[in-house]
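Working notes, beginning with the structure itself.
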Amino acid sequence: MWTAAGLLLVAGLFRAAQNVGQTTFALFGREDIGLGATTIGSAGTVMGAFALLGALFVGGRLPASKASAVVGAGMGLLCASLVALGAATSIWQFALSIALLGLAGGLTVPSLATAVGQASPEHRDRALAHYAVVLSMSLALGPLAETGLLELTHQDLRLPFLAFATLPVVALALGVSGRARRSAFGVGTAPEPLQGSGPVPRSGQLRSLLKTPGGRMALVAQLLYSVPFAAITVFGALMARSVFKMTPAGAQLAFTVFFVASLLSRLVVARVSPIARKRRAFLVAAALSALGMVLLSFGGPSPLLFVAMVSLGVPHGVTFPLALALTAESGGEDQLAANNAALFAATSVVAVAAPVALGAVAAAAGYQVMTALVLVPVAAFSMLLVAQPSPAPTGQDGRRLRRG
């Protein structure tokens, strides 16, 4: 459906729209529907569970040549979920919207990575880094646009969902128009399937990822950052309101700072890719993640929130593209879709478990204690990361280099 450049644009449109749902649903649930922290945490778990289902049962079972079609289906689900959120007036409508939002992410995110990752080995690291940069650009611009929208509409939390629901529609229209143009000029509309790229059994997905040092390191790095990220996406806006006393627009401005820091770090990654010693970068990201959670647990004046968001944004920018590159290096092209699906499915398990647990802690002891407890899994996964053997680095041609 989309060209290589079109896929990057589609990725940006998708992530900007998805992010509105992920970062605003909790505040909307509390202020417009009257939900408590435990219920909101449970809603985050529902979103993670449906993302897991999408990645595990669809993303990893389809051949890589079908990735674009899955992206199109995910775009339609994303539009439906945002419209449903904007119209929700009860907990049941809210829950259904969140389930659709999770399913859309589970289908689309790994499929986009698979489609982009089909670049030749010598260009794969840079292509994935550019993909990550586009995601960060959309994430930086999206919350900023939402901040302005909230200010103009007197903090109306429904309107952003409806406004951003137009973005996946635009992405689908681009895909349809691109297919029509290729058909008109006699160009085939479906890519040739990769050899051996048939559906991979679910039981083999995680095993395929774990059988190489690079796959294991990518998984540990993603798991390490998944818990802080779950805390930020589900409860960040609530913390901005409750702990740092900011307006909904101010909360989105904090997310803008977070994603700008992520964008700048991804630009650096794209500039210097391929990065041979990825574990060292992951350990720096782990230290910054811990610092950000410590700052959030202090509470205090609003500038401290922005400093914490910078500290957490850099690991967000670094971890994802490097983990994708390691995953792509960990198997042949016939395993790419399965490995990406396994990576996203495994990290989605954290997205399933973390929100409900964090919500229960927040309800019982407050958001500052909740953020302090996030340091426990950060420390545990950091130690596991240190224990991992370093995968052999790769050169510009994608081949393994000898250790020096």
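These figures come from a predicted structure and were not determined experimentally. In this chain, numbering begins with 1 at the start of the sequence shown.
- For the atom pair CG of L35 and CD1 of I40, the computed distance is 5.5 Å after rounding to the nearest 0.5 Å.
- Side chain of Q93 to backbone of T89: a donor-acceptor contact under 3.5 angstrom is found.
- Put simply, CG on L13 and CG on L172 are 10.0 Å apart, with the number rounded to the nearest 0.5 Å.
- Across all their heavy atoms, A261 and V310 have their closest contact at CB-O, 3.8 Å.
- Taking each heavy atom of A140 and V260 in turn, the nearest pair found is CB-CG2, 3.8 Å.
- With sequence neighbours excluded, the residues that form a side-chain contact (heavy atoms from CB on, under 4.5 Å) with A99 are V46, F50.
- In this structure a side-chain-to-backbone donor-acceptor pair under 3.5 Å is present from T45 to V356.
- Here salt bridge (charged side-chain N to carboxylate O under 4.0 Å, His left out) pairs that include residues 21-44, with residues two or more places apart or in two chains, are E31-R241, D32-R158.
- Annotation for V318 and P321: closest pair O-CD, 3.4 Å, computed over non-hydrogen atoms.
- Rounded to the nearest 0.5 angstrom, T319 OG1 and L224 CG are separated by 7.5 Å.
- L296 is listed as a side-chain neighbour of L312, based on a closest heavy-atom distance under 4.5 Å.
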Under the side chain to side chain contact (heavy atoms under 4.5 Å, CB included) rule, what do V220 and F282 come out as? Steps first, then yes or no, please.
-> CA-CA 10 Å; V220 171; F282 288 142; over 6 Å; no
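- Minimum heavy-atom separation, F320 to Q222: CA-OE1, 3.8 Å.
- For the pair D156 and L150, the minimum side-chain heavy-atom distance is 4.5 Å or more.
- The closest side-chain heavy-atom distance from M47 to F25 is below 4.5 Å.
- In this structure, V227 and V378 have side chains that are not in contact, with every pair of non-hydrogen atoms separated by 4.5 Å or more.
- Taking each heavy atom of M75 and P168 in turn, the nearest pair found is O-CB, 3.4 Å.
- With a 4.5 Å cut-off on side-chain heavy atoms, P248 and L157 count as touching.
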What's the verdict on side chain to side chain contact (heavy atoms under 4.5 Å, CB included) for R266 and H316, showing C-alpha distance, side-chain angles and the deciding distance?
-> CA-CA 9 Å; R266 286 185 181 176; H316 179 267; 3.6 Å; yes
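- Atom CG of L162 and atom CG of L85 lie 9.0 Å apart (nearest 0.5 Å).
- Residues A37 and Y367 share a closest heavy-atom pair of CB-OH, 3.9 Å.
- Interatomic distance, CD1 of I232 versus OG1 of T371, reported as 8.5 Å (0.5 Å rounding).
- Residues I98 and F94 form a side-chain contact, since some pair of their non-hydrogen atoms from C-beta on lies under 4.5 Å apart.
- Ring geometry, F258 versus F255: the interplanar angle exceeds 60°, so the pair is classed perpendicular (tilted spans 30 to 60°).
- At a threshold of 4.5 Å between non-hydrogen side-chain atoms, the residues M137 and R15 do not count as touching.
- A donor-acceptor pair under 3.5 Å is formed between the side chain of Q155 and the backbone N or O of A249.
- By the 30° and 60° cut-offs, the orientation of the rings of F161 relative to F28 is perpendicular.
- Residue L103 holds its CG atom at 5.0 Å from CG of L77, rounded to the nearest 0.5 Å.
- With hydrogens and angles ignored, the 3.5 Å screen pairs no side-chain donor or acceptor of S289 with any backbone N or O of Y225.
- Under the 3.5 Å distance criterion, the side-chain polar atoms of S311 are matched with a main-chain donor or acceptor of L288.
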Could you go step by step and tell me if L101 and L78 meet the side chain to side chain contact (heavy atoms under 4.5 Å, CB included) rule?
-> CA-CA 6 Å; L101 181 63; L78 177 60; 3.6 Å; yes
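- By the 4.5 Å heavy-atom criterion applied to side chains, F14 and L135 are not counted as neighbours.
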Assess whether side chain to side chain contact (heavy atoms under 4.5 Å, CB included) is satisfied between L304 and F298, documenting all intermediate values.
-> CA-CA 9 Å; L304 192 63; F298 287 161; 4.0 Å; yes
